[in-house]
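All of these numbers come straight from a predicted model, not from anything done at the bench.
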Amino acid sequence: MFTRLDQIMIQIPDVDRPDPNAAAAVQELLGGKFGEMSTLNNYLYQSFNFRNKSKLKPFYDLVTSITAEELGHVELVAHGINKIQAGSTTYKEPDDTPLESVKNMRLSYPYLAGAQGAMPRDSMGRPWTGDHVFNSGNLVEDLLHNFFLECGARTHKMKVYEMTDHPAAREVVGFLLVRGGVHVVAYAKALEIATGVNITKLVPVPSLSNKAFNEARKYEEKGVHTKLYTHSTEDFKAIDQIWKGTHPEDGKPLEVIHGFPEGVPVPEYPEVEEEFAPGISQEEFDAISKRLKEGANIK
């Protein structure tokens, strides 16, 4: 089962500079082949189908714990996209073509079908597909795949970072570079324990430190790259048999946190009247409120 908190992982800045094309680029980190929906669902189904959990519990605990964090990453990228697109259009009467300003954007689908929100698609608008999920059932093969997947995801994050200087995009990507780096090292360490081969010598892939990115460097200075969360206070404690020792890049001690990272409130988004969202007038809101109060016997 999962516990959901009404929080996201970091504060995403409010920026009065909408950039639909930047949002389209960040969509790759959500619904692309190496995006957060792919990492989430790869680990999710590997955890569902894991063989011999009792004997291989540290590896199961690792995959399962990272799965939970990936849910938060999907959520974070979606809110990042929402922040980047916010204010792309303004309300006008329908005959005054209020959505004309976005008709020639590289990715217009969010304005046609999503009320300017994130969607489970890549940067070209292609829908995310379960074909991106790999689960062989073989522990070493799956761990090796996960290591490659995280390295590919890291490459894409770097490219998106270089593609836009939008503050909301860079804040999200910088944080994910650090947390994705944690997962790269975690799977490398798991492979070393499973096979005896020191995969950590390959890190980082690409061979560029996160410290080269301003928005990533500040998180590393806080030690975010050394912590792995179980996202549970009671379960998955065998993870510390894998996440231990020191970080291969800077030698700082690694730490397992039996619980959740500290988050921030989920952003509030205003109505977008030109998109008919949420489509509830003040009069309708008052009527809904009245019915809710009557149903709860509140006067």
Side-chain angles (χ1 to χ4, degrees), residues 1-5 7 9 36 38-75 133-151 153-154 176 178-205 219-220 222-263:
M1 296 187 291
F2 297 94
T3 297
R4 182 167 185 176
L5 307 178
Q7 300 175 359
M9 290 182 163
E36 301 299 339
S38 290
T39 51
L40 164 64
N41 282 285
N42 271 268
Y43 311 154
L44 185 67
Y45 281 90
Q46 288 174 16
S47 68
F48 288 162
N49 302 326
F50 201 99
R51 305 288 175 171
N52 225 338
K53 288 194 290 286
S54 58
K55 291 184 178 179
L56 298 168
K57 193 171 189 305
F59 300 99
Y60 170 71
D61 285 7
L62 179 73
V63 173
T64 298
S65 296
I66 294 177
T67 298
E69 180 167 354
E70 294 295 352
L71 277 165
H73 288 185
V74 170
E75 179 181 46
V133 173
F134 181 87
N135 177 207
S136 71
N138 180 286
L139 177 63
V140 173
E141 188 174 0
D142 285 348
L143 291 174
L144 190 61
H145 167 81
N146 295 353
F147 176 77
F148 168 75
L149 179 60
E150 289 287 354
C151 290
R154 187 168 186 269
L176 291 176
V178 176
R179 292 309 300 168
V182 169
H183 300 167
V184 169
V185 174
Y187 286 126
K189 282 182 168 289
L191 282 163
E192 182 178 4
I193 292 171
T195 67
V197 178
N198 189 355
I199 306 295
T200 60
K201 289 184 177 180
L202 295 174
V203 175
V205 181
Y219 288 109
E220 288 209 341
K222 296 177 182 178
V224 174
H225 65 303
T226 64
K227 296 174 174 61
L228 193 58
Y229 299 88
T230 62
H231 292 267
S232 172
T233 55
E234 301 298 329
D235 298 318
F236 316 124
K237 293 185 176 180
I239 195 175
D240 59 10
Q241 295 179 42
I242 295 175
W243 191 251
K244 60 184 180 180
T246 58
H247 196 282
E249 290 185 59
D250 59 15
K252 292 186 177 179
L254 302 180
E255 181 183 6
V256 173
I257 307 294
H258 297 286
F260 308 87
E262 183 177 351

Report the distance from atom [atom1] of [X] to atom [atom2] of [Y], rounding to the nearest 0.5 Å.
{"X": "Phe260", "Y": "Thr230", "atom1": "CZ", "atom2": "OG1", "result": "7.5 Å"}
{"X": "Ile239", "Y": "Ile257", "atom1": "CD1", "atom2": "CD1", "result": "11.0 Å"}
{"X": "Arg154", "Y": "Leu176", "atom1": "CZ", "atom2": "CG", "result": "12.5 Å"}

Would you mind listing every side chain to side chain donor-acceptor pair (under 3.5 Å) that reaches into residues 250-260, with sequence neighbours excluded?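 Non-adjacent pairs meeting side chain to side chain donor-acceptor pair (under 3.5 Å): His225-Asp250.
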For residues 44-70, the side chain to side chain donor-acceptor pair (under 3.5 Å) pairs (sequence neighbours left out) are Thr39-Glu70, Gln46-Asn146, Asn49-Asn135, Lys57-Asp61, Glu69-His73, Glu69-Arg179, Glu69-His183, Glu70-His73, Glu70-His183
Which atom pair, heavy atoms only, marks the closest approach of [X] to [Y]?
{"X": "Val182", "Y": "Val224", "value": "CG2-O, 3.8 Å"}
{"X": "Phe134", "Y": "Glu141", "value": "CZ-OE2, 3.3 Å"}
{"X": "Leu228", "Y": "Ala186", "value": "CD2-CB, 4.4 Å"}
{"X": "Val205", "Y": "Cys151", "value": "CB-SG, 3.7 Å"}
{"X": "Leu143", "Y": "Ala190", "value": "CD1-CB, 4.0 Å"}
{"X": "Ala238", "Y": "Pro58", "value": "O-CB, 3.6 Å"}

Using the test side-chain contact (heavy atoms from CB on, under 4.5 Å), find all partners of [X] that sit at least two apart in sequence or belong to another chain.
{"X": "Thr200", "value": "Ala188, Lys189, Glu192, Asn198, Pro248"}
{"X": "Val197", "value": "Thr195, Ile199"}
{"X": "Gln7", "value": "Leu5"}
{"X": "Ala153", "value": "Phe34, Lys157"}

By salt bridge (Lys or Arg N to Asp or Glu O under 4.0 Å), which residues pair with Glu150, not counting sequence neighbours?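 Glu150 satisfies salt bridge (Lys or Arg N to Asp or Glu O under 4.0 Å) with no other residue.
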For Phe147 and Val203, what are the C-alpha separation, side-chain angles and deciding distance, and is it a side-chain contact (heavy atoms from CB on, under 4.5 Å)? CA-CA 10 Å; Phe147 176 77; Val203 175; 4.3 Å; yes
Would you please name every residue forming a ring-ring contact (aromatic ring centres under 6.0 Å, His included) with Tyr43, sequence neighbours left out? Tyr187
According to ring-ring contact (aromatic ring centres under 6.0 Å, His included), who are the partners of Tyr229, at least two apart in sequence or on a separate chain? none
Report yes if the side chains of Asp142 and Phe50 come closer than 4.5 Å at any heavy-atom pair, otherwise no.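 Counting from C-beta outward, Asp142 and Phe50 never come under 4.5 Å.
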Can you find a heavy atom in the side chain of Glu220 that is under 4.5 Å from one in the side chain of His247? no
Sorted by chain and residue number, the side chain to side chain donor-acceptor pair (under 3.5 Å) partners of His145 (sequence neighbours excluded) come out as Asn42
